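What follows is one structure encoded as structure tokens, with my remarks underneath.
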There are 2 protein chains.
Amino acid sequence: MTSVDTLDQVSEILSHAEKKCVARGVRLTDKRKLVLSSLLQMNKAVSAYDIVDYCKKQLGEIVPAMSVYRILDFLQEQQLVHKLNLVNKYVACCEIACDHSHEVSQFLICSSCHKVKEIKLGKITEAELRRDVEEAGFKLVSPQLEINCLCEECVKASN
Amino acid sequence: MTSVDTLDQVSEILSHAEKKCVARGVRLTDKRKLVLSSLLQMNKAVSAYDIVDYCKKQLGEIVPAMSVYRILDFLQEQQLVHKLNLVNKYVACCEIACDHSHEVSQFLICSSCHKVKEIKLGKITEAELRRDVEEAGFKLVSPQLEINCLCEECVKASN
DNA sequence: TTTTCAAATGTTATGATATAACATAACACT
DNA sequence: AGTGTTATGTTATATCATAACATTTGAAAA
């Protein structure tokens, strides 16, 4: 994948995101686009401060960390971004460009490079999960699962 | 469950933990016992600084935060304590008193009060999880799952 | 059009979690 | 007692996150 392809994809996804925001009556401002665009370009789980650095060094834009946190909150509300609590990092949703409504996701997080893959577990698995949780007397709040993994490249690199 | 019962259980578990450490040729020092004992008495997921406070206020012992972190690392290596990355808190392993070797755990974490229940998922669920992860081209590092839930009391309290 | 209100962003301070680096103390083995 | 290793103490700092208040921007009413 070339750099141009990537940038094309980014602006494609950004315009989808903007449509979704318009449809919901909220504004995807320039700063918000900047943050989302950074997340898309970095293409892995990053911290709020990583975004600040990326904006400054790669895009020549100064964004206060406080603003990044607020914008990340907004983007999460709009289901454009997920927070990965396992590693205290943020990642763009893989389904921004889809029209169907958003399902709950499971995240495979590479412990080594923080690359993230968002997958759907099989139906049986989620049903069983819910059953096991309720048997234990708890109520499932969010079936979002965050799973410590290694991606293929990092597995190879460690050999 | 009365307070005395609880304290009896704590010292019972501590002596199991000590046996395990002796068997492995490592030392469960007084400070380490203090930290493990605090975790057992608090009986929920707590931060390192919560442990510092508990030691000071409830047990009259001053333990520097730095020491608590080191001791938590040690206790994790000995599989006496788990770190819950989802909430950046620590909890005593529920199986310290068991003799059989330790399996991988799933944690139900109450988002409201941080009570934690450690459960085993059904075999099919774990096998499916592993299959789904590997189909996605990742390698499962730790099938430890941390799941956002509400415990019964907090569900009731929110009604 | 300008006034006005709400939303967005900026600014500063601080809290919460965690680790690095080096010093000292305790223990265990000669 | 001497020596090396392990454990703990101490200080500083990195990293992640929010609170509180000021300013700016944008959109809609007057």
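Since the structure is predicted, the reported quantities are computational estimates derived from the model, not experimental observations. Naming convention: chains lettered A, B, ... in sequence-line order (proteins, then strands); numbering from 1 in each chain. All values below were derived from every heavy atom in this structure, side-chain atoms included, with hydrogens, water molecules and symmetry-related copies excluded.
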Discussion item. Check for me whether the distance between the ring centres of B/His82 and B/Tyr90 falls short of 6.0 Å.
Written reply: no
Worksheet item: How close or far is atom C1' of C/dA20 from atom OH of B/Tyr69, stated in whole angstroms?
Response: 14 Å
Discussion item. Looking at C/dA26, I'd like to know if its phosphate oxygens (OP1 or OP2) sit under 4.0 Å from a side-chain N or O belonging to B/Lys31.
Written reply: no
Fill in: Side-chain N,O (A/Lys83) to OP1/OP2 (D/dC16) below 4.0 Å
no
Worksheet item: Do B/Gln144 and B/Glu146 have side-chain N/O donor and acceptor atoms under 3.5 Å apart?
Response: yes
Item to complete: Using a 4.0 Å heavy-atom cut-off across all strands, classify A/Arg32 as base, sugar-phosphate, or nothing.
Response: sugar-phosphate
Fill in: Side-chain heavy atoms of A/Asn85 within contact of B/Val87, under 4.5 Å
no
Discussion item. Expressed as a whole number of angstroms, how long is the span from A/Leu28:CG to C/dA7:C1'?
Written reply: 15 Å
Worksheet item: Does the side chain of A/Ser67 get closer than 4.0 angstrom to OP1 or OP2 of C/dT9 through an N or O atom?
Response: no
Worksheet item: To the nearest Å, how far apart are B/Asp50 CG and C/dG15 C1'?
Response: 14 Å
Discussion item. Rounded to whole Å, how long is the line connecting atom CG of B/Asp73 with atom P of C/dA18?
Written reply: 10 Å
Worksheet item: Whole Å only: how far is the CE atom of B/Met66 from the C1' atom of D/dT8?
Response: 10 Å
Worksheet, complete the sentence: Ranking D/dT10, C/dA7, C/dT17 by distance to the side chain of B/Ser47, first place goes to C/dT17
Response to the item:
In whole angstroms, the gap separating P of D/dT15 from CG of A/Asp53 amounts to 10 Å
Worksheet entry | Modelled atom types, side-chain donor and acceptor of A/Ser111 and A/Asn148, under 3.5 Å | yes
Practice prompt. With DNA chain C as reference, determine whether A/Tyr49 or A/Val63 sits nearer its 5' end, using the nearest nucleotide of each.
Written response: A/Val63
Fill in: Whole-Å distance separating the CD1 atom of B/Ile62 from the P atom of D/dT8
16 Å
Worksheet item: Would you say a side-chain N or O of B/Lys89 is under 4.0 Å from OP1 or OP2 of C/dT17?
Response: yes
Practice prompt. Let me know the distance between CZ of B/Arg70 and C1' of D/dG9, rounded to the nearest Å.
Written response: 7 Å
Response to the item:
Only residue of A/Ile71, A/Val68, A/Leu59 satisfying side-chain contact (heavy atoms from CB on, under 4.5 Å) with A/Leu34 is A/Leu59
Practice prompt. Using a 4.0 Å heavy-atom cut-off across all strands, classify A/Phe74 as base, sugar-phosphate, or nothing.
Written response: nothing
Worksheet item: Within the structure, does a side-chain N or O atom of A/Thr29 lie under 4.0 Å from either OP1 or OP2 of C/dA8?
Response: no
Worksheet entry | Residue met sooner reading DNA chain C from 5', once B/Arg27 and B/Tyr90 are mapped to nucleotides | B/Tyr90
Worksheet item: Phosphate oxygens OP1/OP2 of C/dA16: is one of them under 4.0 Å from a side-chain N or O of B/Asn88?
Response: no
